[in-house]
> 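Take a look at this one; I'll ask things after.
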Amino acid sequence: MADSTELSIAIIGAGIAGLTAAIGLKRNPSINVQIYERATELREIGATIALGPNGLKTLDKLGIANALEDSVAFRNKSGYPMIYKHYQTNETVSVDRHSDAVLERYHTARFHRPHLQRALLQHVEPSIINLNKSFASVKQDDITGKLLVTFTDESTTLVDLVLGADGINSAVRKYFVPTSQASWTGWVAFRSVFPSSHLSHIADLPDEAVHIWGPDRTLFLSPLAQGLFTVVGSHQSDPKSPNAAFNDSLWSSDGDVSTLREFYKDWSPVVKAIIDATPYTKVYPNTAADTLSTWIFGDGRVTLAGDAAHAHGGAFAAGGSEAIDDAWAFSQAVLHFFSESAYPNDSRASKVARALQLYAATRQSHTKRVQTTVQARNARVVKRLGEQETDGSLRKRMTQREDLKWIHEHDVEAAFKEAKRQFLKL
């Protein structure tokens, strides 16, 4: 039991945002952190995740350098974050580039999700993770003045601060904003991760992460660390259509490899060979939620991070890094107001409220811009459905992509310093 001098924090969700936030708070031993996870065992659901320079740099700042090692992270040997290839000719049409300021260790990396999770867990004391705890409610306790968090098994905990890091269908977000509902974007990913030995017979197998574009769909292929390979197919429907394909799909449900083969039957020989050798696939319907007007609830003592705060739908491979940057900014804001000699005349509740305001000032406008950009992109994709695209038009789209360095190379530390400078004027 934490003594009365400790700041007590409940983190709801043991995903990337929740674990990283807990790691960020370790610097202050007078902060008692407990993580509450609804799963009965701690295992990562999903296939792969990409982290851009922003997320990798933030992990390094937090001392999680093991997550950047080649045994966990796969980077393109060319140094290009992504290589774009033509669906029939297999030629490279375009590439993304990092800015000159990005160190090689921060070049965009791909991970098998369980590998990244294990790298994070090396920095988290297992005793602070409480499994089989589904969030139900939070309200002020009349006796202590603290927040009383109740779980669906009717157990409770008293804390000073709650961080909802419980994903795109966040129960914490829904508790405070019942109208906030993640909706299907019409896009479905077909993901597979398997030993690359399944593909050893393919002469032209890509040895870097490539995004292959066709007129009506894409295909992502990449080696991963520890001898793995990933295949990510796609299908786009109009989410408003009552007859949309895969509109009843469930996250991480079993898919049909024959469907994947049908999708890519007219693509290049190397693509068909890879798909033919893919041993299985799982279905992941993509969802997104509208931007929130505020991230601060519960009388200034509850906030959100990661997909719980800005469920943008996963486009641009930005979600993981955004969650990590959220976690860093949250932990830094709390540490600022709860350092040993900071604000001695302020009450604990006042410092919590000001910390969350500083956190939101650092992150909310940036993530709103990300969400708005993703929503515009999704609208364009749906609008193109049914159109007959010429090869020239396809190549034009491939070479005239948006420059997204402002997302992938966002400097959260500089944003925090500026927010703090502006905030402390008030």
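We use all heavy atoms of the structure for the numbers below, so side chains are in, but hydrogens, waters and symmetry mates are not. On a predicted model such as this, the values are computed, not experimentally measured, just so you know.
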> Can you list every side chain to side chain donor-acceptor pair (under 3.5 Å) pair that touches residues 292-304, not counting sequence neighbours?
Gln140-Arg301
> Looking only at side-chain N and O atoms, does Thr40 offer a donor or acceptor that is under 3.5 Å from a partner on Asn132?
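No, because no side-chain N or O of Asn132 sits under 3.5 Å from a partner of the opposite role on Thr40.
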> Does Tyr359 use its side chain to pair, donor to acceptor, with the backbone of Leu304 at less than 3.5 Å?
yes
> Strictly below 4.0 Å, N to O, side chains only: are Asp254 and Lys282 in salt-bridge contact?
yes
> Does Arg380 pair with Glu402 as a salt bridge, N-O distance under 4.0 Å?
yes
> When you look at Phe190 and Phe246, which way does the ring pair (Phe, Tyr, Trp, His ring centres under 6.0 Å) test go after all the steps?
CA-CA 11 Å; Phe190 294 81; Phe246 310 109; 5.2 Å; yes
> Quick check on the 6.0 Å ring-centre criterion: do His235 and Phe263 meet it?
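Aromatic pair counts; centres sit under 6.0 Å.
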> Distance alone, cut at 3.5 Å: any donor-acceptor contact between the side chains of His86 and Asp391?
yes
> Quick check: does any side chain N or O of His98 sit under 3.5 Å from a backbone N or O of Thr108, one acting as donor and the other as acceptor?
yes
> Cation over ring, Arg401 on Tyr84, under 6.0 Å and within 45°?
yes
> Can you see whether Gln34 engages Asn130 through a side-chain donor-acceptor pair at a distance of less than 3.5 angstrom?
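Present: a donor and an acceptor within the cut-off.
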> When Thr185 is tested against each of Thr287, Asn378, Asn286 for side chain to side chain donor-acceptor pair (under 3.5 Å), which residue passes?
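Single side chain to side chain donor-acceptor pair (under 3.5 Å) partner of Thr185 among Thr287, Asn378, Asn286: Asn286.
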> Between Asn90 and Val270 (side chain of the first, backbone of the second, donor and acceptor by atom type, cut-off under 3.5 Å), is there such a pair?
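Absent.
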> Compute both the distance and the angle, then confirm whether Arg110 meets the cation-pi test with Phe74: under 6.0 Å from the six-membered ring centre, within 45 degrees of the axis.
no
> How about Thr291 and Lys368: does a side-chain donor come under 3.5 Å of a side-chain acceptor?
no
> Can Arg397 and Glu389 be counted as an ion pair, charged N to O under 4.0 angstrom?
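Between Glu389 and Arg397 there is a salt bridge, with a charged N closer than 4.0 Å to a carboxylate O.
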> Grab the two heavy atoms, one from Thr58 and one from Asp325, that are nearest each other, plus how far apart they are.
OG1-OD1, 2.6 Å
> Go through the side-chain N and O atoms of His408 and Asp96 and say whether any donor and acceptor fall under 3.5 Å apart.
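Checked: His408/Asp96 side chains show no N/O donor-acceptor pair below 3.5 Å.
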> Minimum heavy-atom separation for Arg75 to Ala109, with atom names?
CG-CB, 3.9 Å
> Give me the atom names and distance for the closest heavy-atom approach of Asp403 to Lys405.
OD1-N, 3.1 Å
> Does a salt bridge link Arg384 with Glu387, judged by any charged N lying under 4.0 Å from a carboxylate O?
no
> Is the shortest side-chain N to carboxylate O distance from Arg363 to Asp326 below 4.0 Å?
yes
> Please check if any side-chain donor atom of Asp166 sits under 3.5 Å from a side-chain acceptor atom of Tyr36, or the reverse.
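Not at all, the side chains of Asp166 and Tyr36 share no donor-acceptor pair under 3.5 Å.
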> Step by step, would you call Ser180 with Arg173 a side chain to side chain donor-acceptor pair (under 3.5 Å)?
CA-CA 7 Å; Ser180 178; Arg173 185 184 72 232; 2.8 Å; yes
> For Asn76 and Ser78, which I'm curious about, is there any donor-acceptor pair between the side chains at under 3.5 Å?
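Result is no, nothing qualifies.
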> Report the C-alpha separation of Phe297 and Tyr175 in whole Å, then their side-chain angles, then the decisive distance to 0.1 Å, and conclude whether the ring pair (Phe, Tyr, Trp, His ring centres under 6.0 Å) test is met.
CA-CA 10 Å; Phe297 309 96; Tyr175 180 78; 9.8 Å; no
> Sequence neighbours left out, what passes side-chain hydrogen bond (donor to acceptor under 3.5 Å, both in side chains) with Glu91? Give chain and number order.
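In terms of side-chain hydrogen bond (donor to acceptor under 3.5 Å, both in side chains), with neighbours along the sequence ignored, Glu91 is linked to Thr89, Arg395.
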> Spell out, as yes or no, whether a donor-acceptor pair under 3.5 Å connects the side chain of Ser331 to the backbone of Trp328.
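Yes, because the side chain of Ser331 sits within donor-acceptor range (under 3.5 Å) of the backbone of Trp328.
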> For the pair His366 and Trp406, name the ring-plane relationship: parallel under 30°, tilted 30 to 60°, perpendicular over 60°.
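Judged by the thresholds at 30° and 60°, the geometry between His366 and Trp406 is perpendicular.
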> Assess the pair Phe229 and His198: is the distance between their ring centroids shorter than 6.0 Å?
no
> Side-chain donor-acceptor pair under 3.5 Å between Asn243 and Ser241, yes or no?
no
> Please confirm whether Tyr87 and Tyr264 have ring centers closer than 6.0 angstrom.
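No - the distance between ring centres of Tyr87 and Tyr264 does not fall below the 6.0 Å cut-off.
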> Establish, yes or no, whether the cationic atom of Arg354 lies under 6.0 Å from the six-membered ring centre of Phe423 and within 45° of the ring axis.
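No, cation not above the ring by the 6.0 Å, 45° rule.
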> Hey, could you give me the OG/CG distance between Ser321 and Asn54, rounded to the nearest 0.5 Å?
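Spacing of OG (Ser321) from CG (Asn54) equals 4.0 Å.
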